Colleague: 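Please read through the structure below; I'll follow up with questions.
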Amino acid sequence: MELSNKMLATFVLYVMLLSLSVSAKPATFLQDFKVAYADSHVKLVEGGSAIQLSLDQSSGCGFASKYKYMYGRVSMKIKLVPGDSAGTVAAFYMNSDTGVTHNELDFEFLGNRSGQPYTVQTNVFAEGKGEREQRVNLWFDPSLNYHTYSILWNHHHIVFMVDEVPIRVYKNNEAKGISYPKSTPMGVYSTLWEADNWATRGGLEKIDWSKAPFKAYYKDFDIEGCPVPGPMSCASNPSNMWERSPTYTALTPAQARSYRWVRMNHMVYDYCTDKPRNPVPPPECVAGFY
């Protein structure tokens with residue numbers, strides 16, 4: 001009887017650990033994230049429910065997830081730098097932190113002069129190859145309130161979303177010889193830093209340090225994914241929500257309409273149509289590929 005009870009307890013513990021490793025949803029910043037650099041510029045605010053990142057002439061700052069993930073959906077609510085934020089970049093991204101097989105999925109929010117629209121740049125690095133920038137002007141002021149920014153990454157596609165509105169889709173077309181991030185798990189990162197050599201109007205608008213410190217705010221961190229290390233079978237498990245849910249494997253008709261609306265009315269740069277840079281369009285830029 002004692003042996004049976006021990007076996008039962010061991011089995012229950014195994015099931016609990018397995019369930020945690022298959023789908024993790026952070027409840028707090030301290031539980032699943034850590035300060036990546038410049039901890040004096042990162043602080044808990046709003047009663048501990050949000051994180052404030054600060055940028056001044058001495059340093060930017062950032063935080064990172066404690067684990068890497070192999071496929072999943074990550075999101076967080078962000079309130080961006082208000083006022084004159086030209087030359088600053090607030091980023092939310094996934095990164096494998098590897099060399100030749102480097103994979104990365106980027107949201108980069110490019111600061112602006114007061115009164116100008118905020119531009120969000122997305123980029124996809126797949127198996128070491130990047131330079132796939134697209135830029136969209138946001139249709140609201142992202143510094144007034146929190147908005148939700150999400151990255152979905154599964155075997156089918158990568159989708160960047162703003163308040164559940166898709167602003168970019170990168171499909172898995174490996175069968176046609178197009179690289180797709182699949183070989184390395186990725187961590188989740190957020191940073192605030194100076195990039196006035198390129199961020200605002202190609203570097204023409206410089207950062208005004210008299211407006212420092214620049215501050216951005218993050219909260220409601222949410223990760224659904226397969227932590228690494230974890231069960232090897234997790235990433236290929238067809239029961240994972242981010243793999244089997246119809247809303248995760250393809251855009252809904254409403255999302256497809258919203259995506260077309262964004263591309264027609266708010267896209268301001270697409271590497272696919274930049275002929276001086278790409279005289280021959282990259283293969284993923286063929287209609288329907290992205």
Side-chain angles (χ1 to χ4, degrees), residues 28-30 32-65 74-95 97 104-123 133-149 151 160 162-163 167 187-221 266 268-269:
T28 67
F29 174 83
L30 295 177
D32 286 86
F33 290 87
K34 61 185 178 182
V35 175
Y37 68 101
D39 56 357
S40 63
H41 288 56
V42 181
K43 62 186 291 189
L44 285 168
V45 294
E46 299 179 19
S49 65
I51 298 296
Q52 174 190 284
L53 299 188
S54 296
L55 165 67
D56 58 27
Q57 282 184 283
S58 68
S59 181
C61 60
F63 61 85
S65 60
V74 300
S75 67
M76 59 182 68
K77 290 184 179 177
I78 305 174
K79 184 163 60 173
L80 295 173
V81 177
D84 187 346
S85 57
T88 69
V89 174
F92 160 42
Y93 59 103
M94 300 186 72
N95 189 343
D97 247 354
E104 185 173 334
L105 310 174
D106 295 337
F107 267 118
E108 293 178 313
F109 304 95
L110 312 183
N112 62 352
R113 289 293 179 216
S114 299
Q116 298 299 313
Y118 240 106
T119 300
V120 56
Q121 175 171 283
T122 59
N123 200 357
E133 299 91 347
Q134 292 182 356
R135 292 184 179 183
V136 167
N137 281 345
L138 293 173
W139 50 96
F140 53 85
D141 186 342
S143 68
L144 295 179
N145 299 291
Y146 284 98
H147 292 268
T148 302
Y149 303 90
I151 301 171
F160 295 83
V162 176
D163 291 333
I167 66 165
V188 182
Y189 301 83
S190 284
T191 54
L192 179 60
W193 47 290
E194 174 199 355
D196 71 358
N197 62 323
W198 66 270
T200 308
R201 294 185 59 217
L204 295 177
E205 302 283 359
K206 300 300 182 181
I207 196 166
D208 181 356
W209 288 114
S210 71
K211 302 293 195 302
F214 302 96
K215 299 176 181 179
Y217 301 85
Y218 300 75
K219 69 177 184 179
D220 294 353
F221 312 101
H266 296 280
V268 294
Y269 176 80

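Worth saying up front: this structure is predicted, and the values here are computed from it rather than measured. Residue numbers count from 1 along this sequence.
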Colleague: Is there a side-chain contact between V45 and I51 in this structure, where contact means two heavy atoms from C-beta onward sitting under 4.5 Å apart?
Modeller: no

Colleague: Establish, yes or no, whether a centroid distance under 6.0 Å links the rings of Y218 and F33.
Modeller: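 Centroid distance Y218-F33: not below 6.0 Å, so no.
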
Colleague: Going by heavy atoms in the side chains, are Y146 and M76 under 4.5 Å from each other?
Modeller: no

Colleague: Looking at F63, is its backbone amide N or carbonyl O close enough to the side chain of S190 to form a donor-acceptor pair, meaning the two atoms are under 3.5 Å apart?
Modeller: no

Colleague: Kindly indicate whether the side chain of D106, heavy atoms from C-beta on, has any atom under 4.5 Å from the side chain of E104.
Modeller: yes

Colleague: Check A38 against S59 and note the closest heavy-atom contact, atom names and distance.
Modeller: CB-OG, 3.4 Å

Colleague: Quick one, V42 with Y37, criterion side chain to side chain contact (heavy atoms under 4.5 Å, CB included). Give me CA distance, side-chain angles, the key distance, then yes/no.
Modeller: CA-CA 9 Å; V42 181; Y37 68 101; over 6 Å; no

Colleague: So Y189 and Y93, would you call those rings parallel, tilted or perpendicular, with 30° and 60° as cut-offs?
Modeller: parallel

Colleague: Does the side chain to side chain donor-acceptor pair (under 3.5 Å) test come out yes or no for Q52 and S54, once each step is laid out?
Modeller: CA-CA 7 Å; Q52 174 190 284; S54 296; 3.3 Å; yes

Colleague: From Y217 OH over to K43 NZ, what is the distance, rounded to the nearest 0.5 angstrom?
Modeller: 8.5 Å

Colleague: Using the side-chain contact (heavy atoms from CB on, under 4.5 Å) rule, pick out the option among V81, I207, V89, T191 that qualifies with L55.
Modeller: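 With L55 as partner, V81, I207, V89, T191 yield a single side-chain contact (heavy atoms from CB on, under 4.5 Å), made by I207.
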
Colleague: Working to the nearest 0.5 angstrom, can you tell me the gap between K79 NZ and K215 NZ?
Modeller: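 Atom-to-atom, K79:NZ and K215:NZ are 11.5 Å apart.
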
Colleague: Enter the distance from K219:NZ to T148:OG1 here, rounded to the nearest 0.5 Å.
Modeller: 9.5 Å

Colleague: Please name the pair of heavy atoms, one in G111 and one in T200, separated by the smallest distance, quoted to 0.1 Å.
Modeller: O-OG1, 2.8 Å

Colleague: Measure the shortest side-chain to side-chain distance between L30 and L44 over non-hydrogen atoms and say whether it is less than 4.5 angstrom.
Modeller: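 Touching, per the 4.5 Å side-chain cut-off.
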
Colleague: Contact between F221 and S65 at the side-chain level, heavy atoms closer than 4.5 Å - yes or no?
Modeller: no

Colleague: Quick one: does T122's side chain have a donor or acceptor within less than 3.5 Å of a partner on F107's backbone?
Modeller: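 Judged by distance alone, no pair lies under 3.5 Å.
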
Colleague: Classify the ring geometry of H147 against F140: parallel below 30°, tilted from 30° to 60°, perpendicular beyond 60°.
Modeller: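 Aromatic pair H147/F140 classed parallel.
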
Colleague: Strictly by modelled atom types, are S85 and Y118 linked by a side-chain donor-acceptor pair under 3.5 Å?
Modeller: yes

Colleague: Output the distance between atom CG (D56) and atom CH2 (W209), rounded to the nearest 0.5 Å.
Modeller: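 The CH2 atom of W209 is 7.0 Å from CG of D56, to the nearest 0.5 Å.
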
Colleague: Working to the nearest 0.5 angstrom, can you tell me the gap between F160 CZ and Q121 CD?
Modeller: 10.5 Å

Colleague: Determine, stepwise, if the pair L110 / R135 fulfils side chain to side chain contact (heavy atoms under 4.5 Å, CB included).
Modeller: CA-CA 10 Å; L110 312 183; R135 292 184 179 183; 3.6 Å; yes

Colleague: To the nearest 0.5 Å, how far apart are OG in S143 and CG in L138?
Modeller: 10.5 Å

Colleague: Could you walk me through whether V120 and Y149 pass the side chain to side chain contact (heavy atoms under 4.5 Å, CB included) check?
Modeller: CA-CA 11 Å; V120 56; Y149 303 90; 5.9 Å; no

